[in-house]
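Presented below is the structure to which this report refers.
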Amino acid sequence: MKVGIVGAGMVGSAAGYALALRGGASEIVFVDLNEKLAVAQAEDIAHAVPFAHPCKVTAGGYDALDGAGIVILSAGVAQKPGESRLSLLSRNAEVFGKVIESVLKAAPDTMLLVASNPVDIMTEVALRISGLDPARVIGSGTILDTARFRSLLGGHLGIAAQSVHAYVLGEHGDSEVLAWRDARAGSETVDSFAQQIGRPLTDDVKARIDEGVRRAAYKIIEGKGATWYGIGAGLARIVQAVRDDQRAVLSVSIVTPEVQGVTDVALSLPRVVGAGGVLHTLTPALEDSEAAALRASAETLKDTASQLTG
Ligand code: ADP
C-alpha cells in the first residue's frame, strides 16, 4: 500500500522510518512545506531500506499522493516545553484546513490518519473538513499512552508488555483515563496476576504507573524537546492493521456518536481496526470512578471542539 506522510518533521519521519523497518508499506511519499526537508527525510529513510524490507521512499508535492491508501497527517507546529496539547489547537487547525483540501484533491479515496496534536480535536477538525466517513478519519489518540501503560505494567509484573492487555481511554492528554478494572496480564486481571506472583498492585504502585503514563510526554519533552519514536511506531502499527485488514484491537480516536452521555466527540476507546478503518468500537467495563473520569474527559474535548466551531 502507498502511504502518504504530510509533515516530514520528527513525528512524520519517525513514522516513515518505523514503516520502512516493519515492512508496513510498498511506497512512502513525504510532503512538507519545507521541500528540502521532505527530500532529505525520504533519502535518509530510503538508505535504511536495504537493511529492512523493499519499499520505495520519495518526496513530492501533493499530486504525488495520487493512489495513497492512507495519508498520515503529521504537519503542524511543535509542542513547546510546558505547553498543553490543547493550547496548540488554533495554530494547528489552520494548517489542517489547507492540507486536507490538497490531500483529498490528489487522493480522494484515501483514509486519513491524524497525528498532529491536540490529536482528538485535530481528528474532529479533519472529519469536518474532509466530509469522509468517520470510520476512515482516525486519530492516533491514546495508542501511545496505551503502549506506555502496558510497558509500565509489564515492568512491574516482570512480563512482556505484549502480554498485557490494558487500554488508556479518552483524551490523548491530561484528562486521559487508565482503565484498570479490565486490565489483564495474560488472561488474569492484573490484580490477580500481581497477587499470584507476589508483586501486589498497591494504591501506591497504581498511582506511580498512572503518573508515569500521564506525565510521560512532559518528561520526554523536558529532556529532548519533543517525542517521536513511540508515536512513530504507533502510527506504523495502525497503518499495518489497515493495510493487512488485521482487525487488531487498538485504542484510537474517531468521532464517536455517544460516550458516557456525551455525543459526537473524538476520543479513544478500544476499536477494531482493519481495511475499512474502524470496524467496531468496544465499551469496556469500568469502575464508577473510571466512567466518571471518561465522561469528564469527553466533556473537556467536546467543550474545546465547540469553542473552535463556535
Ligand atoms: P513534530 O515534532 O510534531 O513532527 P515538527 O515541527 O518536527 O513537529 O514537524 C512538523 C512539520 O510540519 C514541519 O516539517 C513543517 O514544515 C510541516 N508543516 C507545517 N505546516 C505545513 C503545511 N501547511 N503543509 C505541509 N507541511 C507543513
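All values below were derived from every heavy atom in this structure, side-chain atoms included, with hydrogens, water molecules and symmetry-related copies excluded. For ligands, and for the atoms within them, numbers begin at 1 and follow the listed sequence.
Atoms of ligand 1 lying under 4.0 Å from any heavy atom of Val95, numbered from 1 in the order shown and given with element: 20 (N), 21 (C), 22 (C), 23 (N). Atoms of ligand 1 found under 4.0 Å from any heavy atom of Val99, numbered from 1 in the order shown, are 22 (C), 23 (N), 24 (N).
Every N/O-N/O distance between Val31 and ligand 1 stays at or above 3.5 Å. Not a single N or O atom of Thr227, backbone or side chain, sits closer than 3.5 Å to an N or O atom of ligand 1. Below 3.5 Å of separation, one finds no N or O of Leu37 facing any N or O of ligand 1. Among the atoms of Met10, some N or O lies under 3.5 angstrom from an N or O of ligand 1. An N or O contact shorter than 3.5 Å is missing between Ala226 and ligand 1 by distance.
In this structure, Arg150 forms a cation-pi arrangement with Tyr167, its terminal cationic atom sitting closer than 6.0 Å to the ring centre and no more than 45° off the ring axis.
Between the choices Ser13, Gly9, Gly7, the shortest heavy-atom distance to atom 9 (O) of ligand 1 belongs to Gly9.
A 4.5 Å side-chain heavy-atom check between Ile209 and Trp180 finds at least one atom pair inside the cut-off. When side chains are defined from C-beta on, Ile5 does not count as touching Val29, because their heavy atoms never get closer than 4.5 Å. In this structure, Lys105 and Tyr62 have side chains that are not in contact, with every pair of non-hydrogen atoms separated by 4.5 Å or more.
Neither the backbone nor the side chain of Asn117 comes within 4.0 Å of ligand 1, counting heavy atoms alone. With a 4.0 Å heavy-atom cut-off, ligand 1 is reached by the side chain of Tyr62 but not by its N, CA, C or O.
Arg295 and Thr300 share no side-chain donor-acceptor pair at under 3.5 Å. Counting only N and O atoms by type, the side chains of Asn92 and Ser116 include no donor and acceptor under 3.5 Å apart. Inspection of the Gln196 and Ser192 side chains reveals an N or O donor paired with an N or O acceptor under 3.5 Å.
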